[in-house]
Each structure stands twice: as C-alpha cells, then as structure tokens.
2 protein chains.
Amino acid sequence: MEEDAVIKAMSALAHANRLRIFRLLVVAGGAGATPGTIADTLALPAATLSFHLKELLNAGLIGQQRQGRNLIYRADYAQMGALLAYLTDNCCQGEACDQPATLACQC
Amino acid sequence: MEEDAVIKAMSALAHANRLRIFRLLVVAGGAGATPGTIADTLALPAATLSFHLKELLNAGLIGQQRQGRNLIYRADYAQMGALLAYLTDNCCQGEACDQPATLACQC
DNA sequence: TCCATATTTCGAATATTATGGAATTAATGG
DNA sequence: CCATTAATTCCATAATATTCGAAATATGGA
C-alpha cells in the first residue's frame, strides 16, 4: 500500500462518525447496509452521512452497489487488511513489537 | 483502547509529515531521535516539527525525555500495538478477514 | 407520465488543522 | 551572568474539513 493510500484510509477512519459507519458495515458483513438504515441507526442527517460515505468510498475502505432504489454499502476487508499490513510492518521494523496480547492475530 | 484514543492515534498518523516522523522514530528504535535530527532528516522547520511532535505525543504514540540540552523522542510500541489490536478486532468481526498475506503477524 | 422514496450534490456557514517566522523558555559551559 | 545551542510556544495566516437544509438526481411502481 502506498503512503498516500495509507494516509487517505487513516484520515477516513480518524473521525467518530466515519469510524462508527465503518464498524457498522463490518458488523453488517456481506449483506451490507443502505444509507437509510445507517442514518437511522446512527442518527445522522442524510447529507452528513452521504458526505462521510463518500470519504470512506474515496479511501477505498467501502464499496457501493445499487439495488433498485437503494444503494448498498459494504466494508472492503481487503483494503482494511492492506492498511493493517502497512501499520504492522511499520510498527515492527527496527524494534521487536513483542506484545503477545496486542498482536495475536485472531483472524 | 477507547474510541477517543483510537481516533486521536489515527488522526495523528493520518498526515504525511507525522507518519514520516513516526516511521523515523520506529526505525530509530530505543535510541530515539532529537527534534534537531528529525528536522534535518525530513527538512522541516523547527516550529512545524514541534507542532507535529506535540500531536503524536498527545496521541500517546511517542514519548519524550530530556537529556541535557536535547529532547529525545521515541516511538511508543505499546500504543501502536493497542491501535493495531483495535483495528484488527474491528476488521475481523462479522466476516472472516482471511487474507493470509496481509494479516500474517511478523512480530 | 406522475408520484413517492432513496440518496446525492450544492452551497454557505462554521470549525478545525497546518504552516512557519519571531519571540520565549531551558540547559550548559566559560 | 552571559553567550550559545536546543527546542518550544506564540501568533497570524492559509488551507482543509465538517455540518446540514434545500435543491437536484435516480429508480420503480401506479
């Protein structure tokens, strides 16, 4: 992952509303969720939600698919994995990052 | 790790200058680095560097120690590990994040 | 075609973040 | 106590991000 992409992804997740949106989509899994559902769940005005969805989309962290009148958003696990890989590499270079609890991969 | 701390840490790393500063400190390891060295290496004005160091410090991602006339900054691997743990947990909930290459822990 | 629903885009106000020169604080040695 | 080096804080400016009502766009059904 390029530095630009990393910064975009981190910026996207570094906001309470967007982190909640992303977490909601992670929990939603393959079914994804529509803006309507997300707006209801997180009590966000439609325009505000749309702004944040665009940010996450732009960062490649989520995907979008139209289904009739609805749009379905889904978390992009590959992109999130790539971000984690970058951070893991940069955490562990130069010095052992030997904290078993924090870095035990549960996947 | 609390949501607030996660957002602070992500915000701190979501900036080209700060990501570079942090990576430099990770590579520097236990010896750490002084603002002078960092400023020279990354070609940043002192005031700008100081601003970014404060952000990283505030996010708990780096530590500070005075040694004579110099300040020594060091990466805080535990905090970075905690951030990674949070993200890993939130990436892997709900759906398998089964991309061996991206999530193989090298630590 | 017309209406209702779902969602986005526009736009303008507000808030937050970033930059860097100049002034300030901290530490050491002569 | 003064000069020097190291680094921060102050401050004004510039740039970017956030919010959300209102208007626009898209879709499907009557």
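Not measured: the values here are computed from a predicted model.
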Rounded to whole Å, please give me the gap between CG in B/N70 and P in D/dA7.
5 Å
Looking only at side-chain atoms of A/N17, point me to the closest of C/dG20, D/dT19, C/dA18.
D/dT19
Nearest-Å distance for atom pair CZ/P, residues A/R66 and D/dT27
5 Å
Side chain of B/K54: nearest nucleotide among D/dT19, D/dT9, D/dC20?
D/dT9
Can you confirm whether A/T37 sits close enough to A/L24 that some side-chain heavy atom of one is under 4.5 Å from a side-chain heavy atom of the other?
no
Are B/S50 and D/dA7 close enough that a side-chain N or O sits under 4.0 Å from OP1 or OP2?
no
Give a yes/no on whether any side-chain N or O of B/H52 is located under 4.0 angstrom from OP1 or OP2 of C/dT19.
yes
Taking the nucleotide of DNA chain D with the closest heavy atom to each, which residue, B/P35 or A/T48, is nearer the 5' end?
B/P35
Side-chain touch B/R18/B/F51, heavy atoms, less than 4.5 angstrom
yes
Could you state the atom-to-atom distance from CD1 of B/I62 to P of D/dT8 in whole Å?
9 Å
D/dT19, C/dA26, C/dA18: which one has an atom nearest the side-chain heavy atoms of A/F51?
D/dT19
Provide, to the nearest angstrom, the distance between the CG atom belonging to B/L13 and the C1' atom belonging to C/dT17.
16 Å
Return the value, rounded to whole Å, for the distance between atom CD1 of B/I72 and atom P of D/dA6.
13 Å
Mind checking if B/S11 touches a base, just sugar-phosphate, or nothing, with heavy atoms under 4.0 Å?
nothing
Between CG of A/N17 and CG of A/L56, what distance do you get to the nearest 0.5 Å?
10.5 Å
Short side-chain N/O contact to C/dA6 OP1/OP2 from A/Y73, under 4.0 Å
no
Within this structure, what is the CD-to-P distance between B/Q64 and D/dA6, rounded to whole angstrom?
17 Å
Regarding the side chain of A/A47, the nearest nucleotide among D/dT8, D/dG21, C/dA27 is D/dG21
Inspect the contact between A/E3 and B/R20 and indicate whether a charged nitrogen and a carboxylate oxygen are less than 4.0 angstrom apart.
yes
For A/H15 and D/dT16, give me the distance from atom NE2 to atom P, rounded to whole Å.
18 Å
With a 4.0 Å limit, can you tell me whether B/R18 has a side-chain N or O closer than that to the phosphate oxygens OP1/OP2 of C/dA18?
yes
Using a distance-only criterion (donor-acceptor N/O pair, under 3.5 Å, no hydrogens), is the base of C/dT7 paired with the side chain of A/R69?
no
Taking CG from B/L44 and C1' from D/dA7, how many angstroms apart are they, rounded to a whole number?
14 Å
Any side-chain to backbone donor/acceptor pair from A/E55 onto A/K8? Under 3.5 Å, distance only.
no
